[in-house]
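Just follow the structure's listing: the first ligand is 1, and inside any ligand the first atom is 1.
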Amino acid sequence: MTDTVAEARAARPRIHHPLPPASWPTRAEATRSRWFSPLRLGRSVVARERTWVPAMVPWRATDDGFVTPDVLDWYARFAAGQPGVLVVEATGIRDIRSGPLLRIGDDRFIPGLEELVRVVRDRSGARTRLFIQIIDFLTVRRRPSPARYFADYLEVTPTLRRRLADALADPRWLDAGEADVRACLARGERPLVEAALGARELEALDRGYRERVWDLDLPHIRELPRALPGLFADAARRAFRAGFDGTELHYAHAYTMASFLSRRNVRGDGYGLTREGRVRLPLEVLAQVRARVPEDHVVGIRYLGDEAIAGGSDVDDAAWFGVRFAAGGADYLSISKGGSFEDARPPRIGEAVYPYTGRSGYECMPTVFSDERGPFGRNVPLAAAVRRAVRAAGFETPVVTSGGIGTFDQAEGILARAEADAVAAARQTLADPDWFAKIRRGDGHLVRRCQFTNYCEGLDQRHKQVTCKLWDRDFSPGDPSVRMSADGARRLVAPPWRAP
Ligand SMILES: Cc1cc2nc3c(=O)[nH]c(=O)nc-3n(C[C@H](O)[C@H](O)[C@H](O)COP(=O)(O)O)c2cc1C
Ligand code: SF4
């Protein structure tokens, strides 16, 4: 175990929190409630309710990023509960291979996305506003075996030779053959490897190579400010053409745009270092996106209320960014937390680092095994702080909160205290996509409550089709109406529910 992982674990007491008690409203109470009241988003889109399903990657696209029947089933199942807003998973803006993640980096993806829009519209009875989250991410490679790393990946530079020569107190390493240098390191003890390799080289060995937005020596990274506004704008335009009500810019978690916003962003070309520098590209992207879609197409931003990593952005940054995004024309701000690569657990050899395994990952998808504060509504204060700053600056931009929310009382309390304008629930909606419908009907006691133990997140981590441990196995094997996950473990969508 590395020091950082050990520290993170020691700093996180494991108190097992029970689910919060739930008292469900009658149908009339639900109808009158804040959570089930309309919310205006942007110029003319009105969500019929403030119930919200944030983006969740289910690993159901083709390897080429196309919508599949399983993608359609996944979103149709959420649409059946008729949430006010449903946000489609992080969808790649580039036309590059990225495994079974949806893509929107070319017009050929539009027909599949159109079909997705149609399915959600039909299944929700046109009650659900459908947005799509669009994302850019940098290269993250799998962790290599040490033998492979020293043989093929490590660059033998003069600096490396100098360090090796110093560590071994032997100047012959300054001009030894490259193969000898590699062999020496491959059989070297760990202290020698640590003395010879720089921090990034060690990281590539122990966790897999990972690009940063401040790697200005890499031409494509240097060019991100020129490339990304157009890529995001083209993607948003396709989302509009496919019929989505809105586009959500993914500026959260471990990905490119969050890294620009990060306090750790040390780009020295005007796109880092200061708050003004860090927000510059995110604002340029927003401006170009806004310019490419009609005014009534909602453009929202999901970003971090707190990076939850050492030296990362905090809630003061988030409040400041929120005001800038509101001024830049964002139609809503959806506040998440954490989910960084920086403190992620080192992956096993052959696997890629997963940004939800460290403390910041915990903060993003908190479980019932928590500290004193517990997981429930843990991130609400961040949204509340952003909202206060945005309102104080004179903007009415709605703010969305999420994280550990699974009861009507929680959601209603958040809205009553004006901590947010919409309340999102990812895992609770995965556990029971009908829970909004049940509450609406006064049948809240029938809600299948999420246990917040992250079976689903474990599947996401292994890029396996995401399912919920609470979905029944109550069907005969081979039942053609039930589609199973590739590993045969569970049904691919929540069991059907018929209103009593
Ligand atoms: C399986 C899974 C996939 C997720 N994928 C995304 C994603 O694509 N984009 C995103 O912004 N958040 C993603 N999240 C985070 C959720 O949107 C949400 O912020 C988080 O789960 C905390 O909310 P909850 O407590 O209601 O689950 C994902 C969460 C889960 C469980
Ligand atoms: S697998 Fe667990 S954490 Fe995930 S949605 Fe189901 S009950 Fe909730």
Centroid-centroid distance, Trp471 to Trp497, less than 6.0 Å: no
Close approach, Ala252 and ligand 1, non-hydrogen under 4.0 angstrom: no
Protein heavy atom at shortest distance from atom 2 (C) of ligand 1: Met56 CG, 3.7 Å
Residue, atom name and distance, where the atom is the protein heavy atom closest to atom 13 (C) of ligand 1: Ala55 O, 3.0 Å
Which segment of Gln428 sits under 4.0 Å of ligand 1 when only heavy atoms are counted: neither
Enumerated ligand 2 atoms positioned under 4.0 Å from heavy atoms of Cys468: 1 (S), 5 (S), 6 (Fe), 7 (S)
Test: Arg292 cationic atom under 6.0 Å from Phe240 six-membered ring centre, within 45° of axis: no
Validation row: Arg462, Trp59 side chains within 4.5 angstrom (heavy atoms): no
Min heavy-atom dist Glu248 to ligand 1 below 4.0 Å: no
Residue and atom name of the nearest protein heavy atom (relative to atom 10 (C) of ligand 1), distance in Å to one decimal: Arg302 NH1, 3.3 Å
Per-atom contacts of ligand 2 with Leu470, taking only distances under 4.0 Å to non-hydrogen atoms: 7 (S)
Flag, side chain of Asp331 to backbone of Gly300, donor-acceptor distance under 3.5 Å: no
Closest approach of Ser262 to Glu307 (non-hydrogen atoms, all atoms of both residues): OG-OE1, 2.8 Å
Best match, Gln451, Arg449, Arg427: closest heavy atom to atom 7 (S) of ligand 2: Gln451
Centroid-centroid under 6.0 Å between Phe452 and Phe369 rings: no
For Thr453, the ligand 2 atoms whose distance to one of its heavy atoms is below 4.0 Å: 2 (Fe), 3 (S)
Cationic N near anionic O, under 4.0 Å, Arg212 to Glu342: yes
